Trainee: 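What follows is a single structure, and I will ask about it in a moment.
From a predicted model like this one, the values you see are computed outputs, not experimental measurements. Proteins get letters first, then strands, A, B, ... in listed order; numbering begins at 1 in each.
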Protein chains: 4
Amino acid sequence: MAKKTGEKYQAIIDAAVRVIAKHGYHNSQVSRIAREAKVADGTIYLYFENKDDILISVFNEKMGQFIETCRERISTAGTIQEKLYILIHAHLSQLSQNPEFAIVTQIELRQSNEKISKGIGEVLKTYLTLIDGIIEEGIAEGIFHEELDVRMARKMIYGTIDETVTSWVMKQCKYDLISLVEPIHNLFLYGLVRR
Amino acid sequence: MAKKTGEKYQAIIDAAVRVIAKHGYHNSQVSRIAREAKVADGTIYLYFENKDDILISVFNEKMGQFIETCRERISTAGTIQEKLYILIHAHLSQLSQNPEFAIVTQIELRQSNEKISKGIGEVLKTYLTLIDGIIEEGIAEGIFHEELDVRMARKMIYGTIDETVTSWVMKQCKYDLISLVEPIHNLFLYGLVRR
Amino acid sequence: MAKKTGEKYQAIIDAAVRVIAKHGYHNSQVSRIAREAKVADGTIYLYFENKDDILISVFNEKMGQFIETCRERISTAGTIQEKLYILIHAHLSQLSQNPEFAIVTQIELRQSNEKISKGIGEVLKTYLTLIDGIIEEGIAEGIFHEELDVRMARKMIYGTIDETVTSWVMKQCKYDLISLVEPIHNLFLYGLVRR
Amino acid sequence: MAKKTGEKYQAIIDAAVRVIAKHGYHNSQVSRIAREAKVADGTIYLYFENKDDILISVFNEKMGQFIETCRERISTAGTIQEKLYILIHAHLSQLSQNPEFAIVTQIELRQSNEKISKGIGEVLKTYLTLIDGIIEEGIAEGIFHEELDVRMARKMIYGTIDETVTSWVMKQCKYDLISLVEPIHNLFLYGLVRR
DNA sequence: CATGAATGAGTGTTCATTCAT
DNA sequence: AATGAATGAACACTCATTCAT
């Protein structure tokens, strides 16, 4: 029914990101996205089931690329510590370079409804699995604590980075996000306590 | 104009938490909250400016108590490590005992609009300041790394705990949250890397 | 049920005129009138059947005095021409001295509903009858055209004066109303055509 | 945004006149007008900004034609006296033939709010200017008193005719309005006093 | 494929009125 | 007589979705 390809499909996805970033989720009417994408309102429904589907697709498309980029970069790393470093860096640098998308993921998409949350959850899982992989490898290599709770460690990593980006967006993306990679990396590896 | 005391005020606040937790923010009509609180629709507006004000008040009232409890418990602790432990424990145990409120804070309130976000931000700041205090004290006592970036460390602590609670709520609050206090505490103190 | 005397009755009437003149009919809530009269909302209903009754009573009370004043002044006049002059003068001077009441009669009360219109009609009739008396006397005395249609002449007199006051109110009561008595009088007596 | 043409636009305008004339301004809900016009509630908002805009448009559309008709007919007249006669006749005959519109202009539109009054004022001014033209011409031709106050004379003419129509509407449009043209004309030209 | 005019369900808020005290 | 907290009916407007062209 809804065909998920074609240049109009992409145009709508891109328009949606721009509109949501600019006007906020609650002011992103279908007709506004249509206008921004220079298509008719009805055309939207040739490519998307409904409004939620636009939002979910936006996230999937963009997040898909995001994760792929992370995975590729990590694969170039040597040590576990480097992989973790690259993960943090890839996450922050990508959002840093695309503040509009950052606004959408950190703020606007969380203001949406349950159905969207679920749709998003699916893709996020892939990302979390990527993090899990690094942690498990670290344990297997004897670098990380062997009794580490993988899911817990993942929550620390994801939760910390996510909170960092949210703070940055809330502060109008005014400061340099990349400079935080190093301190985050250190916190993850060695924690708060001095030796 | 809107008087923020009285038993009806409390009844509405409590009804709002129940209704939002059960039906979600977007299905929490004023009339539904009124019915749940056993008052007339119009009565709501004797105690609250508007719908947003209900949400903000819910958060302020409940979060106010939450923070106070955290602060009190922390003041009983001896070492910095204990204080951090108690913070994590207080946070998780309180939400653990009130899953309805947890749902509201972790999911529903983030789906609200800008005005609500602002109202919430104020109170949250108090909590973050509480965390900052612990970190600064840890540095001053020479227990934490002296070059620690306080705001970054705070983001790790808050981000990790927040993500932990969100995960728990998303998984229907099925598992024991308190058992996570210990691993979180260890992660915060010593990080991922084995010595 | 509603007792129409007492100092609170008067206080409410006066408060209503002030509130309506200042905030307009559609912004004159019962509670606002009550506050202005320094009585409780419920007290209003000890003196008035309902909101419409306040409005009607305002008009009756004030218009009653208005008509009485007109009648008294006219009785002092000698000729018919003088009586007509005095009528115009009494009408314009009274409203001129009380712009608040003028606003209420010319603008606000006409924005009210059917029931109020009817209540007002009753009192107005008394005024129109007063005008009729002058016209009939004029005809009887052979001063006015004998074939004059009394009701039509009355409509001219009332319609012209009323339109004059409305214009003046719409123009913020900025100019002198009394100076119009003379030209109106001339128009009534001799019409437009030169002899 | 609101496109002010098309058959649905006309249908809504006409429905509004019927509904308001029948049920009164305060009982003319948008949904009622929509039902009468056989369109959906939302369709109203494709053609009108808001409810007030319907009322204003009703007046402008109908009053526009009204004024145009008056102007055309007057242009066929010879003497000033004839022009005045035709003005009165055109005014009364048009409303006489459309009692529904008469009810709306004389009663219901005056019960509306300030914004509507303003919208209406604009068009009315055109009509008053038309009257002014006749008076000025009468003075220039030496037929009317040279010291005539044009604005005052206009108020007499408009006020008298307006009051005449209002009376007629209040009396359920039961008697013949046209038969009043002659006496009104005489009053305007020669006033009350016999020569 | 594409259009965009038309649809109509859904809801926060006001305020005249009541009545227990 | 007086109060004022509580009531609940009423309504304009938005916007996701459809479908005839």
Trainee: Looking at residues 46-54 of chain B, who's got a heavy atom less than 4.0 Å off DNA chain E?
Mentor: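 Per residue number, the list reads N50(B), K51(B).
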Trainee: Restricting to non-hydrogen atoms, name the atom on C173(C) and the atom on P99(C) that form the minimum distance, rounded to 0.1 Å.
Mentor: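 In terms of heavy atoms, the two residues are closest at SG-CB, 4.2 Å.
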Trainee: Output all residues satisfying side-chain hydrogen bond (donor to acceptor under 3.5 Å, both in side chains) with S117(D), sequence neighbours left out; order by chain, then residue number.
Mentor: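 Testing S117(D) for side-chain hydrogen bond (donor to acceptor under 3.5 Å, both in side chains), a comparison that skips the adjacent residues, returns none.
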Trainee: What's the CG-P distance between L55(A) and dA16(F), to the nearest Å?
Mentor: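 Those two atoms, CG and P, are 10 Å apart.
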Trainee: Could you check whether any side-chain heavy atom of L46(D) comes within less than 4.5 Å of a side-chain heavy atom of K3(D), counting everything from C-beta outward?
Mentor: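 A side-chain contact under 4.5 Å is absent here.
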Trainee: Could you pull out all residues at least two apart from F101(B) that satisfy side chain to side chain contact (heavy atoms under 4.5 Å, CB included)?
Mentor: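 F101(B) satisfies side chain to side chain contact (heavy atoms under 4.5 Å, CB included) with K62(B), L95(B), N98(B), T105(B) only.
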Trainee: If I take atom CD1 from residue I116(A) and atom CZ from residue R110(A), how far apart are they, to the nearest 0.5 angstrom?
Mentor: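 Atom-to-atom, I116(A):CD1 and R110(A):CZ are 13.5 Å apart.
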Trainee: Convert the base pairs of DNA chain F into dot-bracket notation, remembering that pairs crossing earlier ones are written with [ ] and that bases paired across to another strand are shown as |; include only Watson-Crick or G-U pairs under 3.5 Å.
Mentor: .||||||||||||||||||||
Trainee: Could you name each residue pair satisfying salt bridge (Lys or Arg N to Asp or Glu O under 4.0 Å) that touches residues 19-28 of chain B, not counting sequence neighbours?
Mentor: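 For residues 19-28 of chain B: none.
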Trainee: Show me the side-chain donor-acceptor pairs of residues 50-58 of chain A shorter than 3.5 Å, one per line, residues at least two apart or across chains.
Mentor:
| from | atom 1 | to | atom 2 | distance (Å) |
| --- | --- | --- | --- | --- |
| N50(A) | OD1 | D52(A) | N | 3.2 |
| N50(A) | OD1 | D53(A) | N | 2.9 |
| K51(A) | NZ | S28(A) | O | 3.0 |
| D52(A) | OD1 | N113(A) | ND2 | 3.4 |
| D52(A) | OD2 | N113(A) | ND2 | 3.4 |
| D53(A) | OD1 | K4(A) | NZ | 3.1 |
| D53(A) | OD1 | S57(A) | OG | 3.4 |
| D53(A) | OD2 | K4(A) | NZ | 3.1 |
| D53(A) | OD2 | E49(A) | N | 2.9 |
| S57(A) | OG | K4(A) | NZ | 2.8 |
| S57(A) | OG | D53(A) | O | 2.6 |

Trainee: Walking along DNA chain E from 5' to 3', note the first and the last nucleotide with an atom under 4.0 Å from a heavy atom of chain D, and give both.
Mentor: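 Terminal contacting nucleotides, 5' to 3': dA6(E) to dG8(E).
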Trainee: How would you list, by chain and number, every residue that makes a ring-ring contact (aromatic ring centres under 6.0 Å, His included) with Y9(B), sequence neighbours excluded?
Mentor: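 Once residues adjacent in sequence are excluded, the partners of Y9(B) under the ring-ring contact (aromatic ring centres under 6.0 Å, His included) criterion are F48(B).
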Trainee: For H23(A), which residues count as a ring-ring contact (aromatic ring centres under 6.0 Å, His included) partner, sequence neighbours excluded?
Mentor: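 In terms of ring-ring contact (aromatic ring centres under 6.0 Å, His included), with neighbours along the sequence ignored, H23(A) is linked to no residue.
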Trainee: Please enumerate all residues that pass salt bridge (charged side-chain N to carboxylate O under 4.0 Å, His left out) together with R32(C), with sequence neighbours excluded.
Mentor: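 Per chain and number, R32(C) pairs via salt bridge (charged side-chain N to carboxylate O under 4.0 Å, His left out) with no residue.
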Trainee: Taking M170(D)'s backbone N and O only, do any of them form a donor-acceptor pair with Q172(D)'s side chain (distance below 3.5 Å, no angle check)?
Mentor: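 Yes: the side chain of Q172(D) pairs with the backbone of M170(D).
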Trainee: Side chains of F59(B) and L109(B): closer than 4.5 Å at any heavy-atom pair?
Mentor: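 The answer is yes; the side chains approach within 4.5 Å.
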Trainee: Can you list, in residue-number order, the parts of residues 25-35 of chain D that come under 4.0 Å of DNA chain E, counting heavy atoms only?
Mentor: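 By residue number: none to list.
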Trainee: Using the test side chain to side chain contact (heavy atoms under 4.5 Å, CB included), find all partners of R18(B) that sit at least two apart in sequence or belong to another chain.
Mentor: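 By the side chain to side chain contact (heavy atoms under 4.5 Å, CB included) rule, R18(B) matches D14(B), A15(B), E36(B), E100(B).
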Trainee: Where each residue is assigned the nucleotide of DNA chain F containing its nearest heavy atom, which of K38(B) and V39(C) is assigned the position nearer the 5′ end?
Mentor: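 Nearer the 5' end of the strand: V39(C).
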Trainee: Name the residue closer to the 5' end of DNA chain E, choosing between K3(D) and T43(B) according to the nucleotide with the nearest heavy atom.
Mentor: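 By nearest-heavy-atom nucleotide position, the 5'-most residue is K3(D).
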